[in-house]
Each structure stands twice: as structure tokens, then as C-alpha cells.
Number of protein chains: 2
Amino acid sequence: MAKHHILDTLTDALRDDVLEGLQVLRFPAGQVLFSAGEHCRGLPLVLSGSIKVQMTGVSGHSIVLYRMGADDICTLSIGCLMTGRGYRAEAISEGEAEAAIIPRGLFDRLMDQSAGFRLGIMESYGRRLDDLMLLVEEVAFHRMDERLEEWLQDRASSGQNVVLITHQELAVELGTAREVVSRLLKELERRGQVRLARGRVELTGLLRTTSLA
Amino acid sequence: MAKHHILDTLTDALRDDVLEGLQVLRFPAGQVLFSAGEHCRGLPLVLSGSIKVQMTGVSGHSIVLYRMGADDICTLSIGCLMTGRGYRAEAISEGEAEAAIIPRGLFDRLMDQSAGFRLGIMESYGRRLDDLMLLVEEVAFHRMDERLEEWLQDRASSGQNVVLITHQELAVELGTAREVVSRLLKELERRGQVRLARGRVELTGLLRTTSLA
DNA sequence: CGGGTTCAGTGATAAAGTCACACAGACCAG
DNA sequence: CTGGTCTGTGTGACTTTATCACTGAACCCG
């Protein structure tokens, strides 16, 4: 049963139509939902799990642009639907994930008939734009050691103090080279802030405080 | 008289309403249209001129995110309208510019009643998202000397081979430090590819070819 | 013309990216 | 359980970029 925040705003009649036209997909961990150049078949609504969106530049390097979680909308797909161009990035599920696909025609109808749906789409777009602007600033001006520590802190705070990830994957998260990550992690280990193992980073020391509020 | 691509798709009745509700503003060169933290009073449609959008990070450094030209829509404002949050970036006119402001209520009505208007908004959003994704890739992975040369080439190709800009402004365009720009430009001058003067860069050599197509 | 302001150049040093390669742990086949 | 293979990690040497501190040149204006 598809449950998504944006469907709550619909009238009962519309929602019934949607629930019929909807196709719910289930993805195992690491599944590629779409990749660069592919064309869009509908608007995915993320129902559960986490999906990372990353792009690979002409340079051959990759960087994670943002993540989508439950109740998110794949903003990127809207652009592809409207302009007919292929995706510029790729999306990969992390852990199990579910998404409902709204086909093109239904999407148009919802945009036409539901102000709430439109609002949801617009908000999603706005948030994504904000995310990317912050990312540009971060990549352009922040020190790599700080970005690494913040990333680990954010990731670890939800649950254990252990993050299962390779240095290469961390490099893609931050948009840098694997060697840089290895060296910075080693330095953190020397300072006693993390413990390292193959494919694993355990946070020990408190690192820096994430929020002062 | 306000003339904007997105108004062409409207029915005559709607367009008449719009032309009444519209407020056309004229900006001299260097005028700040809005700055970070400010709230949005309506959706600007750019009628003529060029407007650059840049943000200043917590680090205190600035970077130009993109430019808007004739027939563009200020996508950033939509997000601010919808969520009520303040702008995260600032917009500055380059040369004379004109914009028409669609007030909030009229915007909602257009979204509700015109599929063409919606399409225009969505396309604009999609393009902006694409721009920012490319910018992230560029900032993260491209060499500064190449980015500088490309920027100069792009800017100069439209018209003269002279660009009137200070090193500091160039640094903001590229999201780097002024000293870096100075050094790279000096190196280009040594190689005979540019001639430098205060606030002025003249392209001489052919630099690298921008398009191989 | 003098004096302040903006712009540009440069050395020293630190941070980050690149290239090349060594080695360690995990895994599999025989 | 052994040897080979793959993936992940560590590190030196070097280049590019960022930062800090300061100098001097060009411009503006009274």
C-alpha cells in the first residue's frame, strides 16, 4: 500500500485514481534506479529507505549530490519528464527501498487538478535547489578534514558509532580522492578520534560538536 | 510593455489580467535585486539584461551560482514564495536590466489555470537544477587554470576579445581566491595568451578551443 | 599635486589532488 | 590449508590550489 505525504493533500476521488495508476517498486540494497543518459518513465515518490543521487563528471570522478528518503520526491525526474532530456545523474538505493512511480499522464493531471500536489512538487524543488547551493559552497570553500568529520558525525549520530563504508565510497561522498580520505582518516586515528578497519570506521572521541544550539 | 516568453502560452483573458497585475522594474548596473535572508514579494520574470546570482558561505567567501537573462524566471524566488523562507543567495544586475514581478496571488492563479505557465516554471526549475549539478562537478573536479580559460573564452566570444573585470570579481565567478586568479592570469600573460591591465583582460592567443563539434 | 583607495603581484607555507606502487585482508579453487 | 586473485588501505613524491602577509602600482578626487 503506497503511503506518501504528498498524496494526503489529494481529494478522495483523485487519490483513488492515483492508487490505481500507481506502480510500486521495491529495490534491494545497491540497486541502480536510473543512470545518466537514461530517460524518465514517470515521477518516483520515495516510500521508504534511502536513495543516493550521484553524478560522474567528464573528469571521471563522482560525487554524491543528495539523498532522498521517505516522503521525498525525485525532483530530478520532473525535469527529465518536462524536457525529455536524459538524466544527468544516477540514483542508487542504500538498503532496501520502495518507490511508487506516477506515470506521465497522471502527473500532468495531478498538477492540473491539485493545488496541494503542486505545492508539494514546488517545495521539493525548492529544497533540492537549496541543498545544491549549499553543496556548491561546501565543496568550494570548506576544508576537507572538517567535511569528513561532519559527514562521519552526521552518519553515526543516527544509531551506532560505527559506519560501514570504504575509503573510496567516502571519497565519492565528499567529492575528493581516495588517498585524501585515507590520509585524513589515519590522522584522526592517530589523534584517537576514530578506530579503523577494512570497510569500517568507528567513532571513538567526541570529534567536534555538531550543533551548538 | 512586458514581454516574456512564458506569457505567450497564456490565453488572451489570462494575459490581460497578468499585464494589469504586473509591476515592471528597471535596474541600473550593479543594483542588488535581493540579498540573503530577505523575503520574497513575488516572482520576477527577467525581461532584459543579465542578472547574476551569487551566494556567500559561512566561510565568508562568495561564488557566482548562475546567471539569468531575458526570458528567464527567477527560480530561486519560487522556493521562497512557497516555503516562506528567506533567500539564501543574492541577485545583482549586470548592466541595465528589467524585470516584471508577478505577485503571489497572481502566481497561484497562473499555476492553477495555465498548463503552459506550469510547464515554463518546471522547465526553468529543471534547467537551474542541471546548472547547479554541473557547477558542483566543475568546482569539485576541474582544474582552476582550465576553468579560468573557459570562463574568459565564453565571456569574450560574445563580441570583443576584451573583458572588463577585476581579479577579485573573477575569483568570485570561479569560487577561488583573488591571488590564485592573479597568478594564473600572469602565467597566461607570460605565454602570450592574454594581455592584462587594471580591471581588464584582453584575449590575444586562441587559448583552447571551446567546442570541437 | 598629494593622499587615500582600490587593484595587482609575489614569497612563504599549508592543504588538497595526482601518480605510482607496496602490502594486507578477504575470498575462492584446487 | 595453500596459493592465487581481487579489493581495500597506506604512503612517498610531486603538483596544484588556498592562505597569509605584505609591497607597490594605478586611479580618484579635493
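Throughout, protein chains are lettered first and strands after them, A, B, ... in sequence-line order, and every chain is numbered starting at 1.
- Within the 4.0 angstrom heavy-atom criterion, no nucleotide atom of any strand lies near A/His142.
- Between the CD atom of A/Gln168 and the P atom of C/dG17 there is a distance of 13 Å, rounded to whole Å.
- Protein atom CD of B/Glu187 is 13 Å distant from nucleotide atom P of C/dG11, rounded to whole Å.
- Nucleotide D/dA18 holds its P atom 9 Å from the CZ atom of A/Phe141, rounded to whole Å.
- Residue A/His167 places at least one side-chain N or O under 4.0 Å from the OP1 or OP2 atom of D/dG10.
- Between A/Ser182 and D/dT9, a side-chain N or O to OP1/OP2 separation shorter than 4.0 Å is absent.
- With a 4.5 Å cut-off on side-chain heavy atoms, A/Ile51 and A/Ile92 do not count as touching.
- Protein atom CE of B/Met144 is 10 Å distant from nucleotide atom P of D/dT19, rounded to whole Å.
- To the nearest angstrom, C1' of D/dA13 lies 13 Å from CD of A/Glu179.
- Listed nucleotides: C/dT10, C/dC19, C/dA16. Nearest to the side chain of A/Arg183: C/dC19.
- Shown here is A/Arg26, whose CZ atom has no more than 12 heavy atoms of other residues, nucleotides or ligands within 6.0 Å.
- Relative ring orientation between B/Phe117 and B/Phe107 is described as perpendicular, the plane-to-plane angle rising above 60° on a 0-90° scale split at 30° and 60°.
- In this structure, B/Arg178 places its CZ atom 8 Å from P of C/dG9, rounding to the nearest Å.
- In this structure, B/Arg147 atom CZ and D/dT17 atom P are separated by 10 Å, rounded to whole Å.
- B/Asp71 and B/His4 get closest at one heavy-atom pair: C-NE2, 3.2 Å.
- No donor-acceptor contact under 3.5 angstrom links the side chains of A/Tyr125 and B/Thr75, judged on distance only.
- Here A/Arg143 lies in heavy-atom contact (under 4.0 Å) with sugar-phosphate atoms only.
- Rounded to whole Å, the distance from CG on A/Leu196 to P on D/dT9 is 9 Å.
- In the set C/dC7, C/dC19, D/dT19, the nucleotide with an atom closest to the side chain of B/Arg198 is C/dC7.
- Within the 4.0 Å cut-off from OP1 or OP2 of C/dT6, not a single side-chain nitrogen or oxygen of B/Thr166 is found.
- Between the side chain of A/Arg200 and the base of D/dT9 there is no donor-acceptor pair of N/O atoms closer than 3.5 Å.
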